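Hydrogens, waters and symmetry mates are skipped; everything else that's a heavy atom, side chains included, is used. Given the structure is predicted, the values throughout are model-derived calculations rather than measurements.
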Amino acid sequence: MSATERNIEERGERKSLNFIEQIIEEHNKSERFNQKVHTRFPPEPNGYLHIGHAKSICLNFGLANKYNGKCNLRFDDTNPATEDVEYVDSIREDVHWLGFDWQDREFYASDYFGQLYDFACSLIKKGLAYVDDQPSDEIARQKGTPTQPGTESPFRSRTPEENLDLFERMKNGEFAEGSKILRAKIDMSSPNMHMRDPAIYRIRKTPHHRTGGAWNIYPMYDFAHGLSDSIEGITHSICTLEFEVHRPLYEWINNQLVDHKPQQIEFARLNLSYTVMSKRKLKELVEGKYVKGWDDPRMPTICGLRRRGYTPESIRNFSERIGVARRDGIIDLALLEHSIREDLNRRASRVMSVLDPLKVTLVNYPENYSEEVKAINNPEDPEAGTRNVTFTHELYIEREDFMENPPKKFFRLSPGGMVRLKYAYIIKCLDVVKDDHGNIIELKCEYIPESKSGNDTSNIKVKGTLHWVSIAHSQQIEVRIYDRLFMDEEPDGHKDKDFKDFLNPESLKILKNCFLEQSVNTVDLKQRFQFERKGYFCHDKDSSVSNPVFNLTVPLRDSWAKISGNVN
RNA sequence: UGUCCCAUGGUGUAAUUGGCAACACGUCUGAUUUUGGUUCAGAAGAGUCUAGGUUCGACCCCUAGUGGGACAACCA
């Protein structure tokens, strides 16, 4: 656990409990679950996990951890038509990567298909479930509307014997998909639509990714979920707000069939500004090639954030900070960015890289000479030590660090102006070289020999310090600059517009002419870097030996951008 | 013309009913700084959706209203 996490936790323990913790502590007082806390994270393996899932994962595992309980990983795989092992693997990887361990408790709703079938039979025997032969559209019609009661199915009064027989034959594959369905017999006039004889088992002849062709019928979510929770001894079944209206059904089913009855608790799902979070929309972005895949660094998926350079710790801190409640809202993306900056500031090695090079020639520095200057790897961490960087008469600086006609508060390089090259010398700009089109292509500068970092006797005070690389001692790299994927705070919050209308055309900029100091070995890189004065970067999997690629994780805060009006 | 949930600075969360409200992010000042980063010091910003009620006392309890959300998949 990090110092930040500990601080947050201590603050939390000293102060208030979130509403779920309050419920748990009430249960502990009343001994409802014998002081036990057992949660589960129940993804459906039909898509990749995103930052919203991370909130749920941190919540479920975090609560278990806090109350000395356990948290299971359970795949809610009751719909073979949409699910796949590809997703199972990615989910497993993502939960692990986030830092959580479910030990030997990796379960699948499909593990319980046998038991679930038996439970359905008992429901039938109790006269609380029946097989309906009507087509789905007819059943839907009879459901009524939220304001009008439904009507009862003509098959509602079949005898348990007949239902049992029919249900068994459904299982045996005697009937076509959609021709019959098992429904719970509850109340067609309930104000809660979910209580109007909900479907609990349907015929599906699609092979299941785990049970293969063993089953011709599959339980519906409402039937399988609560019973799976009960089977696993879950005490607190935490889910998002949209399941709130399912809670009466969740409880009805468990009340009919089992002794151990978990408590379902709903919380508001995470919404992040400038992004979309629904699986459907993320899938649309991937399939429509608006992004390069589920792990595109612009995606809010766990794998996308990972590739972007986010650390598990930063995501855990983020979920701690956003809290948990029952009202929906939108979290400011700035909070996520703050979390990763905070983490990377502490641990990322600083290196110098020029992303938009402008050549600087030091006219008074010997041509065939070079010196090694000492650079600090991480000012936040003395243990990180130092490294040497080579200094010569031909350098690159950042193009934006020079202005021919600078505004007042610009304290970088300009004609006649002086600036320090970090860890090296102060230089003075003597001349601006332009091409035929008037573009600046080079600066002729002189260096001040007495100004060398470490033993500066020049007595010159400069306001700016620039990063740089020696042209002869740098390596060319590709840098991918990412910005928010959407230009609107709530891209899916406009009734008359498609969320894709707000796609940011500049969400990815590929810079191929960047130069990185030689000290960095760009082969087989796992660590994250701060490119001085620019931001945090990580090595991308698209890298090759001849073309190293770095992703921008997040830029440094930039108060100059605010002053100069170049705010993102 | 229904049922249920929600409502606290810009954003997100707090506040054993009992000191006109705290924390984080964001914003703004200033200091430090060989990263316009970090750090440090400070500031602005809500009187808790509205109206009643209970109470000596309400962000908190009750009622009504308003606003937002959820609910009619053989999805989860």
K.L.:
Rounding to an integer number of Å, can you tell me how far A/Ile181 CD1 sits from B/rC74 C1'?
P.N.:
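Taking atom C1' of B/rC74 as the reference, CD1 of A/Ile181 is at 4 Å.
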K.L.:
Under 3.5 Å, is there any donor-acceptor pair linking the side chain of A/His246 to the base of B/rA70?
P.N.:
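Checked by distance alone, the answer is no.
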K.L.:
Answer yes or no: is there a side-chain heavy-atom contact under 4.5 Å between A/Pro262 and A/Glu232?
P.N.:
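A/Pro262 does not reach A/Glu232 side chain to side chain.
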K.L.:
With both distances under 3.5 angstrom, what nucleotide forms a Watson-Crick or G-U wobble pair with B/rG37?
P.N.:
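Answer to the pairing question: none, since B/rG37 forms no Watson-Crick or G-U pair.
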K.L.:
Calculate the interatomic distance between A/Asn192 atom CG and B/rA72 atom P; express it in whole Å.
P.N.:
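It is 10 Å, rounded to the nearest whole Å.
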K.L.:
Base contacts versus sugar-phosphate-only contacts with protein, heavy atoms under 4.0 Å: please encode nucleotides 39-50 of chain B as B, S and - from 5' to 3'.
P.N.:
------------
K.L.:
What parts of residues 265-282 of chain A reach RNA chain B, counting only heavy atoms under 4.0 Å away?
P.N.:
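Within this stretch, nothing sits under 4.0 Å of the strand.
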K.L.:
Considering residues, nucleotides and ligands other than A/Lys283, do more than 12 of their heavy atoms fall under 6.0 Å from its NZ?
P.N.:
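At most 12 heavy atoms, drawn from other residues, nucleotides or ligands, come within 6.0 Å of this atom.
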K.L.:
Measure CZ/A/Arg326 against P/B/rU13 and give the value in whole Å, please.
P.N.:
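In whole Å, B/rU13 P lies 13 Å from A/Arg326 CZ.
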K.L.:
Measure from OH on A/Tyr221 to P on B/rC75 and round the result to the nearest Å.
P.N.:
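After rounding, the reported distance stands at 15 Å.
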K.L.:
With a 3.5 Å limit on both atom pairs, tell me what B/rU11 is paired to, counting Watson-Crick and G-U wobble, or say none.
P.N.:
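Its partner is B/rA24.
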K.L.:
How long is the line joining CG of A/Leu241 and C1' of B/rG68, in whole Å?
P.N.:
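Computing the A/Leu241:CG to B/rG68:C1' distance gives 12 Å.
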K.L.:
Rounded to whole Å, please give me the gap between NE2 in A/His194 and P in B/rC71.
P.N.:
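Taking atom P of B/rC71 as the reference, NE2 of A/His194 is at 7 Å.
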K.L.:
Between the protein and nucleotides 25-28 of chain B, are there any N/O to N/O pairs under 3.5 Å, and if so, what are the atom names and distances?
P.N.:
unit_1 : atom_1 : unit_2   : atom_2 : d
B/rU27 : OP1    : A/Lys562 : NZ     : 2.7
B/rU27 : OP2    : A/Arg557 : NH2    : 2.9

K.L.:
Would you say a side-chain N or O of A/Arg202 is under 4.0 Å from OP1 or OP2 of B/rA76?
P.N.:
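So the side-chain polar atoms of A/Arg202 do come within 4.0 Å of the phosphate oxygens OP1 or OP2 of B/rA76, strictly under.
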K.L.:
What's the base orientation of B/rG47: syn (chi within 90° of 0) or anti?
P.N.:
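B/rG47: syn glycosidic orientation.
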K.L.:
Given that both distances must come in under 3.5 Å, which nucleotide forms a Watson-Crick or G-U wobble pair with B/rC61?
P.N.:
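Its partner is B/rG53 (Watson-Crick or G-U wobble, both distances under 3.5 Å).
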K.L.:
If B/rA46 has a Watson-Crick or G-U wobble mate with both distances under 3.5 Å, name it; if not, just say none.
P.N.:
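Its partner: none found.
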K.L.:
Output the rounded distance in Å from CD (A/Glu490) to P (B/rU11).
P.N.:
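Rounding to the nearest Å, CD of A/Glu490 and P of B/rU11 are 12 Å apart.
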K.L.:
With both distances under 3.5 Å as the test, what is the Watson-Crick or G-U wobble partner of B/rG67?
P.N.:
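Looking at the geometry, B/rG67 pairs with B/rC6.
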K.L.:
Output the rounded distance in Å from CD (A/Glu242) to C1' (B/rU3).
P.N.:
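These atoms are roughly 18 Å apart.
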K.L.:
Aromatic ring centroids of A/Tyr130 and A/Phe155 under 6.0 Å?
P.N.:
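Not close enough - the centres of the two rings lie 6.0 Å or further apart.
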K.L.:
Do we count A/Trp560 as stacking onto B/rG36 if the rule is ring centres under 5.5 Å and planes under 30°?
P.N.:
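Here A/Trp560 meets both the 5.5 Å and the 30° conditions.
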K.L.:
Less than 6.0 angstrom from the centroid, inside 45 degrees of the normal: does A/Arg204 satisfy that with respect to the ring of A/Tyr218?
P.N.:
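Cation-pi check for A/Arg204 and A/Tyr218: fails.
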K.L.:
On a whole-Å scale, what distance lies between the P atoms belonging to B/rG52 and B/rC60?
P.N.:
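It comes out at 14 Å once rounded to the nearest Å.
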K.L.:
Using the C1' atom as the reference point in each nucleotide, state the distance between B/rA44 and B/rG30 in Å, no decimals.
P.N.:
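Looking at atom C1' only, B/rA44 and B/rG30 are 15 Å apart.
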K.L.:
Do any side-chain nitrogens or oxygens of A/Thr465 fall under 4.0 Å of OP1 or OP2 in B/rG36?
P.N.:
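The answer is no; no side-chain N or O of A/Thr465 sits under 4.0 Å from OP1 or OP2.
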K.L.:
Measure from the side-chain heavy atoms of A/Glu244 and tell me the nearest of B/rG36, B/rC5, B/rC75.
P.N.:
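Among B/rG36, B/rC5, B/rC75, the one nearest the side chain of A/Glu244 is B/rC5.
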K.L.:
Could you check whether any side-chain heavy atom of A/Arg528 comes within less than 4.5 Å of a side-chain heavy atom of A/Thr311, counting everything from C-beta outward?
P.N.:
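A/Arg528 reaches A/Thr311 side chain to side chain.
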K.L.:
Cationic tip of A/Arg210 within the cone over A/Tyr108's six-membered ring, i.e. under 6.0 Å and within 45° of the normal?
P.N.:
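Flagged: A/Arg210 positioned over aromatic ring of A/Tyr108.
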